[in-house]
Every structure is written in structure tokens, then in C-alpha cells.
Chemist: 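Starting off with a structure, shown below.
Because the structure is predicted, anything quoted here is derived from the model rather than measured. No hydrogens, no waters, no symmetry mates; every other heavy atom, side chains included, goes into these values.
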There are 2 protein chains.
Amino acid sequence: MGLTKTEIFNDEQNQLATLLKAMAHPARIAILQRILISNTCICGDLVEELGLAQATISQHLKELKTAGIIQGTIEGVSICYCINPVTWKLLENQLGAFLGAYKGETKCC
Amino acid sequence: MGLTKTEIFNDEQNQLATLLKAMAHPARIAILQRILISNTCICGDLVEELGLAQATISQHLKELKTAGIIQGTIEGVSICYCINPVTWKLLENQLGAFLGAYKGETKCC
DNA sequence: GCTATTAATCGTAATATTGCAATACAATAT
DNA sequence: ATATTGTATTGCAATATTACGATTAATAGC
């Protein structure tokens with residue numbers, strides 16, 4: 001089928017999966033790292049810096065945007081992207097709770 | 001194409017992307033949560049608890065295992081899965097550094 | 001009006017993912 | 001030996017993703 005059965009999972013699981021999926025690509029991680037470094041926003045510099053075509057970069061940006069991880073505003077001819085603080089905070093909280101739930105040491109496998 | 005150009009990204013980006021991708025599915029998040037809760041390992045209880053076929057669960061477990069996030073040992077007839085502490089720690093560090101790199105407040109978009 | 005410049009979208013090809021039924025395998029029990 | 005139980009693998013269909021060239025907006029400057 002190739003169709004994830006989202007209806008059998010709860011909202012938290014689906015939301016976290018969606019956010020992780022949006023980040024689960026080296027190009028999108030690279031894009032986010034670039035935005036994080038030059039805290040001020042960027043635009044199509046990415047096309048030169050990463051070795052991907054403009055259409056491809058634009059697509060990755062769109063995915064990050066629809067996931068709510070970044071936001072963009074028009075800045076003259078180019079477009080300025082930056083982190084969406086709300087989603088970023090949410091991601092930190094959700095992931096923190098998730099990863100932090102593991103208390104090692106209980107010997108098992 | 002449909003083929004990620006891993007060669008143009010660095011190891012850190014590729015590794016993080018691979019780990020995130022392994023977790024970026026609600027079923028796999030549910031499986032991990034289940035393992036985290038019953039800190040002691042589990043097996044095919046998942047097939048009953050999640051509403052997915054046995055073959056599908058087995059496939060998701062395999063993905064988590066090949067990504068190094070979980071590990072399994074034979075426990076009589078069934079197989080006992082649990083978190084791989086090394087990878088989990090790595091994930092915490094990598095993600096912590098990544099998410100923590102965002103210092104908000106610098107007004108932008 | 002035109003013309004660059006920048007980014008989004010469309011169309012397409014190659015590949016990957018998701019899910020399941022059917023089957024195979026491996027360990028134990030009878 | 002054979003049956004049972006628990007898990008893995010295979011094969012397949014439906015869908016999603018990745019990447020790119022070509023095209024299409026949208027804006028700025030002339």
C-alpha cells in the first residue's frame with residue numbers, strides 16, 4: 001500500500017513522526033544548520049553552498065516550511081528563511097521527553 | 001533519481017539524518033515508547049497492541065535494529081528487544097547540539 | 001512598458017517506503 | 001518425528017520521496 005496508517009496512532013506520535021521526517025534528510029539538516037549559523041536569515045545562497053539544483057532546494061525548503069519548522073518572508077526579490085521558534089521549542093520539548101524517558105542501566109539484552 | 005545524494009554531505013549530517021529517518025514513523029515511535037515504558041524487553045506483544053500485521057511490525061523492528069537504535073536477543077522462543085544505549089546516547093548528544101544551536105530572540109522573519 | 005534576478009511550480013524519471021498475505025525458518029513441546 | 005509458537009523473509013501493490021530541467025510568477029531597476 002505505501003500509505004502510513006496514521007489513524008491508529010495518537011496525535012503526539014503522528015506529530016513527532018511528521019517533524020522528525022521533515023528533518024530526516026541530510027540536505028534539510030544542512031539547510032537548518034546553515035540557518036542556525038547565520039542566525040540572520042538566508043535565501044538562495046543554499047543553492048551555491050549545497051551542491052543541489054535550485055528546484056531541489058526549493059522543494060526541501062517547502063517541506064521544512066509546511067512542517068512548520070521554518071518560516072519565510074519576502075525580502076525584496078529574494079526570500080528570507082528562518083527558524084520558527086514555536087515549532088523549534090515544541091520539538092525540543094517533545095524530543096526531550098521522548099529521549100529522556102530512557103533510563104539506562106536496567107540490564108536487559 | 002529518487003536517490004539521496006549522500007556524498008555531498010558530511011558524515012555527521014548523514015548519520016543524524018539516518019537516525020531521524022529510522023524514528024520518523026508513528027509506528028516506530030510507538031514501538032520505542034513501548035520499549036521505554038516496559039523497560040524490560042518485549043517481543044510480539046506489539047502486534048496485538050499496535051494495529052499492524054506481524055510482518056509489518058517485524059519490518060519496523062528490523063529498521064530500528066539496522067539503524068542501531070534497538071538491539072534484540074533471543075529469549076527462548078521469542079525475541080527480546082531493547083534500546084541500544086550507545087546509539088541512544090549518541091542521538092541525545094547530536095540532537096541536543098543541533099537543537100540547542102538555536103538562540104532565539106534575534107528578530108528576523 | 002521591458003529586463004534581469006530570485007524563487008516557486010510543473011512534469012517526469014528513478015528509487016524508496018509502507019503494509020500485508022503467504023511462506024519460511026527456528027526453537028520448543030508433544 | 002511432528003506440531004506449535006514466535007519471528008523473519010519474500011513478493012507484491014500502492015504510494016511517497018528525491019532530484020532535476022523547464023517553465024512560470026514576482027519583484028526591482030531601467
Chemist: Once you round it to whole Å, what is the distance between P of C:dT18 and CD of A:Glu7?
Modeler: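 Value for this atom pair: 15 Å.
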Chemist: How long is the line joining CG of A:Leu46 and P of D:dA19, in whole Å?
Modeler: 14 Å
Chemist: Enter the distance from B:His60:NE2 to B:Arg28:CZ here, rounded to the nearest 0.5 Å.
Modeler: 5.5 Å
Chemist: Which of these nucleotides, D:dC20, D:dA16, C:dG19, is closest to any side-chain atom of A:Thr4?
Modeler: C:dG19
Chemist: Taking atom P of C:dT18 as reference, at what distance in whole Å does atom CG of A:Asn14 sit?
Modeler: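 Distance, rounded to whole Å: 13 Å.
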Chemist: For nucleotides 7-11 of chain C, give me every protein contact, N/O to N/O, under 3.5 Å, one pair per line with atom names.
Modeler:
residue, atom, partner, partner atom, Å
C:dA7, OP1, A:Gly44, N, 3.0
C:dA7, OP2, A:Gly44, N, 3.4
C:dA8, OP1, A:Tyr81, OH, 2.3
C:dA8, OP2, A:Ser58, OG, 3.0
C:dA8, N7, A:Gln54, NE2, 2.7
C:dA8, N6, A:Gln54, OE1, 2.7

Chemist: In whole Å, I'd like the distance from the CG atom of B:Leu52 to the C1' atom of C:dA21.
Modeler: 14 Å
Chemist: Distance-only criterion, 3.5 Å: show the donor-acceptor pairs between side-chain atoms of residues 93-100 of chain A and protein atoms not counting sequence neighbours.
Modeler:
residue, atom, partner, partner atom, Å
A:Asn93, ND2, A:Lys89, O, 3.4

Chemist: Are B:His60 and C:dG19 close enough that a side-chain N or O sits under 4.0 Å from OP1 or OP2?
Modeler: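 Checking B:His60 against C:dG19: at least one side-chain N or O falls below 4.0 Å of OP1 or OP2.
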Chemist: Between atom CD in A:Glu63 and atom P in D:dA16, what is the gap in whole Å?
Modeler: 13 Å
Chemist: Separation of B:Leu20 atom CG from C:dT17 atom P, in whole Å?
Modeler: 14 Å
Chemist: Send over the distance from A:Ile74 CD1 to C:dT5 C1', rounded to a whole Å.
Modeler: 15 Å
Chemist: What's B:Glu75 touching, base or sugar-phosphate or nothing? Going by heavy atoms closer than 4.0 Å.
Modeler: nothing
Chemist: Return each pair, listed once, that meets salt bridge (charged side-chain N to carboxylate O under 4.0 Å, His left out) where at least one residue sits in residues 49-60 of chain A; pairs must be two or more places apart or across chains.
Modeler: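 For residues 49-60 of chain A: A:Arg34-A:Glu49.
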Chemist: Is a side-chain donor or acceptor of B:Asn84 paired with a backbone partner of B:Gln71 at a separation under 3.5 angstrom?
Modeler: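 No; judged by distance alone, with no hydrogens or angles, the pair does not exist.
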Chemist: I need the full list of salt bridge (charged side-chain N to carboxylate O under 4.0 Å, His left out) pairs touching residues 11-27 of chain B, with sequence neighbours left out, sorted by first then second residue.
Modeler: none
Chemist: Rounded to the nearest 0.5 Å, what separation is found between the CD1 atom of B:Ile83 and the CG atom of B:Leu91?
Modeler: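 That separation rounds to 10.0 Å.
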Chemist: Rounded to whole angstroms, how far apart are CG on A:Leu64 and P on D:dT18?
Modeler: 11 Å
Chemist: Under 4.0 Å, heavy atom to any atom of DNA chain C: which of residues 23-30 of chain B qualify?
Modeler: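 Per residue number, the list reads B:His25, B:Arg28.
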Chemist: Sequence neighbours left out, what passes side-chain hydrogen bond (donor to acceptor under 3.5 Å, both in side chains) with A:Gln54? Give chain and number order.
Modeler: none
Chemist: Check this one for me: any side-chain N or O of A:Lys21 less than 4.0 Å away from OP1 or OP2 of D:dT17?
Modeler: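 Checking A:Lys21 against D:dT17: at least one side-chain N or O falls below 4.0 Å of OP1 or OP2.
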Chemist: According to the interplanar angle, ranging from 0 to 90°, do the rings of A:His25 and B:Phe9 count as parallel (below 30°), tilted (30 to 60°) or perpendicular (above 60°)?
Modeler: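 It falls in the perpendicular class, over 60°.
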Chemist: My understanding is that only one of B:Leu52, B:Leu36, B:Leu50 makes a side chain to side chain contact (heavy atoms under 4.5 Å, CB included) with B:Ile31; could you say which?
Modeler: B:Leu50
